[in-house]
Amino acid sequence: ALSVLAECHRLAKEGQWKELRQVLRRMLNEEGSGSSCYLCELLWNNFRGKEYGGLVWEILTDEYSRSQMTYDALYVLDKMNNLKHQSSISTYNRLMYSLRHTDIMLNLYKEILSKGVLPNLYTYCIVIDGLCKQHRLQDAVAFFEEIKGKGVRPCLVIFNALLSGFCSMGFVNVAMSLLSMMLKCGYFPDIYSYNTLIHGLCIAGSIERALDFCEDMERNGFALDLVTYNTMLNGLRISGLISEAWKFIQRMLLNGLFPNLITYTILISGHCQGGNIEEGMRIWKEMISQGYQLNVITYSVLLSSLCKRGLVDEAMKLFNEMEAMGLDPDFIVYCILIHGYCKKGDIERAIDVCKVMCSKKIMTNSFLHGSILLGMCKKGMMSKAVDYMDHLSRDGLLLDIVLYNIVIDGYVKTGDIEGAIGLYKQLLEAGLTPS
RNA sequence: GCACUUCAGAGCAGC
């Protein structure tokens with residue numbers, strides 16, 4: 001690493017940016033996440049005060065962000081701040097983008113302002129989109145007003161981010177009013193705006209309105225693209241109308257568009273949801289024969305429909321197949337399995353899967369624990385349920401009211417009123433409010 | 001120069 005860093009300084013001096021990035025990227029790939037502490041120490045001990053040092057630090061931050069090693073990037077940025085090296089706005093933008101789902105995003109924005117770095121339109125857009133993705137619509141709108149007050153002329157992308165925020169929270173009508181406001185101000189929708197609104201209409205269950213909107217779009221000179229079709233197909237799936245899908249597929253093909261992985265996943269999910277697992281499997285096979293590389297989401301669609309039918313063992317087989325293909329199960333995949341076992345009453349297996357998940361450092365959440373507790377209560381395993389709760393609070397998890405309610409209900413159903421009252425007192429002591 | 005906005009998966013109690 002030492003010689004690589006020396007090489008980096010040389011490249012920086014010669015202005016060979018691209019090579020510098022490549023060399024660093026390769027090194028980060030080898031060192032992996034968690035290596036920032038070590039690399040920073042090397043830089044500090046061996047290259048302090050060297051010319052172009054600031055540039056090397058900055059690109060190190062940026063390459064960590066690009067390699068999805070976000071916390072390493074933050075670490076390097078922090079060290080840079082100590083050394084009074086300044087980062088450029090694009091480095092900040094990329095890092096904020098990686099962290100747009102978290103509070104850290106806004107902290108970084110404040111840091112930018114306090115250091116006198118000038119935010120650009122990308123920055124504003126990332127903040128607004130991030131706030132929307134965190135479901136903080138009011139904050140997003142407030143931020144929007146704030147930058148307008150500072151004299152920033154918002155771009156269409158910012159409006160699109162807001163449209164998307166409203167739509168995904170189910171406020172299509174608000175999105176529609178925003179659209180008419182946009183038109184009044186001379187902002188004309190692009191394909192992103194149209195697709196976003198069509199999506200909003202679809203998830204609100206308004207397929208008809210979505211179709212009308214597609215026509216509007218075409219009248220305004222935009223051809224429906226693959227995203228539009230996928231969005232419409234997904235709308236059909238949500239409304240339980242997947243049997244109508246063929247009409248759209250036909251139209252798609254006539255327009256020279258071919259289904260992609262997302263299209264197939266929507267179709268499989270739709271058919272499975274409607275109880276037609278056979279058709280789902282047929283499409284699945286068609287997909288494989290077409291040479292598509294299945295991903296975690298495609299698998300989870302099938303896993304969940306198997307579990308819903310109580311075929312958890314089948315699901316487990318598929319799960320193993322998935323891992324053998326080199327796909328890393330994520331939180332949702334584990335949820336599906338755990339939930340499946342709980343509903344079947346096989347709590348031991350559920351907990352086993354949960355342990356495997358935890359050993360992979362995947363965070364659990366309260367929903368999942370609720371599912372496990374409910375499974376225990378349904379089988380009358382009250383002492384196990386209480387142990388589980390104790391175990392959760394020992395691990396520092398704040399038990400919420402629903403978790404208490406589940407176990408209280410369990411006590412009541414087994415006729416143990418004492419136990420129920422005991423828990424009730426406990427939740428009051430914990431400062432919770434009964435619902 | 002790169003980077004921002006649109007499409008697919010699961011999910012807890014009681015009533």
Side-chain angles (χ1 to χ4, degrees), chain A residues 17-18 21 62 65-66 88-98 100 120-130 132-133 155-165 167-168 189-200 202-203 225-235 237-238 259-270 272-273 295-305 307-308 330-340 342-343 364-375 377-378 400-410 412-413 434-435:
Chain A
W17 306 66
K18 249 191 170 159
R21 283 187 179 278
D62 201 40
S65 315
R66 287 189 189 220
S88 70
I89 190 63
S90 51
T91 299
Y92 273 111
N93 283 348
R94 191 157 6 248
L95 193 49
M96 284 172 64
Y97 179 72
S98 315
R100 67 195 183 288
N120 58 19
L121 280 175
Y122 285 105
T123 321
Y124 298 133
C125 185
I126 293 166
V127 171
I128 288 180
D129 178 52
C132 289
K133 297 240 150 68
C155 60
L156 185 60
V157 176
I158 290 186
F159 282 104
N160 285 344
L162 282 171
L163 287 177
S164 167
C167 286
S168 57
D190 65 1
I191 187 93
Y192 281 86
S193 329
Y194 279 110
N195 284 339
T196 303
L197 290 163
I198 291 168
H199 179 238
C202 284
I203 57 181
D225 68 0
L226 189 53
V227 174
T228 324
Y229 281 104
N230 284 344
T231 306
M232 286 304 299
L233 289 169
N234 190 41
R237 179 187 69 84
I238 291 168
N260 65 3
L261 185 66
I262 296 183
T263 322
Y264 277 110
T265 310
I266 293 169
L267 292 176
I268 295 173
S269 173
C272 289
Q273 262 174 12
N295 66 10
V296 176
I297 298 185
T298 331
Y299 271 99
S300 73
V301 165
L302 264 197
L303 287 174
S304 91
S305 58
C307 285
K308 277 187 185 140
D330 63 7
F331 178 64
I332 294 184
V333 169
Y334 283 113
C335 271
I336 293 170
L337 293 173
I338 293 170
H339 198 70
C342 285
K343 278 222 303 233
T364 56
N365 69 13
S366 171
F367 283 8
L368 202 49
H369 295 130
S371 191
I372 291 175
L373 284 170
L374 183 66
C377 291
K378 284 249 161 78
D400 60 39
I401 190 67
V402 174
L403 296 182
Y404 275 104
N405 287 347
I406 292 172
V407 184
I408 288 176
D409 185 56
V412 172
K413 296 248 163 81
S435 61

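We name chains A, B, ... by the order of the sequence lines, and we start the count at 1 in each one. Computed from a prediction, not measured in an experiment: that's the story for all the values here.
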Any base atoms under 4.0 Å from A/Asn93, or only sugar-phosphate, or nothing? Heavy atoms, all strands. base
Scan A/Asn260 against the nucleic acid and name what it touches under 4.0 Å (heavy atoms): base, sugar-phosphate only, or nothing. nothing
For A/Lys378, answer base if it contacts any base atom (sugar-phosphate contacts may also be present), sugar-phosphate if it contacts only those atoms, and nothing otherwise; contact means non-hydrogen atoms under 4.0 Å. nothing
Just to be sure I understand the rule, does A/Lys343 reach a base, reach only the sugar-phosphate, or reach nothing, if contact means heavy atoms closer than 4.0 Å? nothing
How long is the straight-line distance from CZ of A/Arg237 back to OG1 of A/Thr265, given to the nearest 0.5 Å? 10.5 Å
Can a donor-acceptor pair be found between the side chains of A/Asn93 and A/Ser90 at a distance below 3.5 Å? no
What verdict does the side chain to side chain donor-acceptor pair (under 3.5 Å) test give for A/Asp62 and A/Ser65, after you've listed the backbone C-alpha separation in whole Å, the side-chain angles of each residue and the deciding distance to 0.1 Å? CA-CA 5 Å; A/Asp62 201 40; A/Ser65 315; 4.6 Å; no
Taking any atom closer than 4.0 angstrom to a non-hydrogen atom of chain A, what span of RNA chain B does the protein reach, first nucleotide to last? B/G1 to B/G14
Does the side chain of A/Asn234 come under 3.5 Å of the side chain of A/Thr231 through a donor N or O and an acceptor N or O? no
Identify whether any heavy atom of A/Asp225 sits under 4.0 Å from a base atom; if not, whether one sits that close to sugar-phosphate; answer base, sugar-phosphate or nothing. nothing
Within residues 191-198 of chain A: residues closer than 4.0 Å to RNA chain B (heavy atoms): A/Tyr192, A/Asn195, A/Thr196
Contacts of type salt bridge (Lys or Arg N to Asp or Glu O under 4.0 Å), residue A/Asp330, not counting sequence neighbours: none
Return the OG to CD1 distance between A/Ser269 and A/Ile262, rounded to the nearest 0.5 Å. 13.0 Å
Separation between CE (A/Met96) and CD1 (A/Ile89), nearest 0.5 Å, reads 7.5 Å
Within the structure shown, what part of the strands sits under 4.0 Å from A/Ile336 by heavy-atom distance: base, sugar-phosphate, or nothing? sugar-phosphate
With a non-hydrogen cut-off below 4.0 angstrom, is A/Arg237 in contact with a base, only sugar-phosphate, or nothing? sugar-phosphate
So what does A/Asn295 touch, heavy atoms closer than 4.0 Å: a base, only the sugar-phosphate, or nothing? base
Less than 3.5 Å apart, any donor N or O on the side chain of A/Thr298 or A/Asn295 sitting next to an acceptor on the other? yes
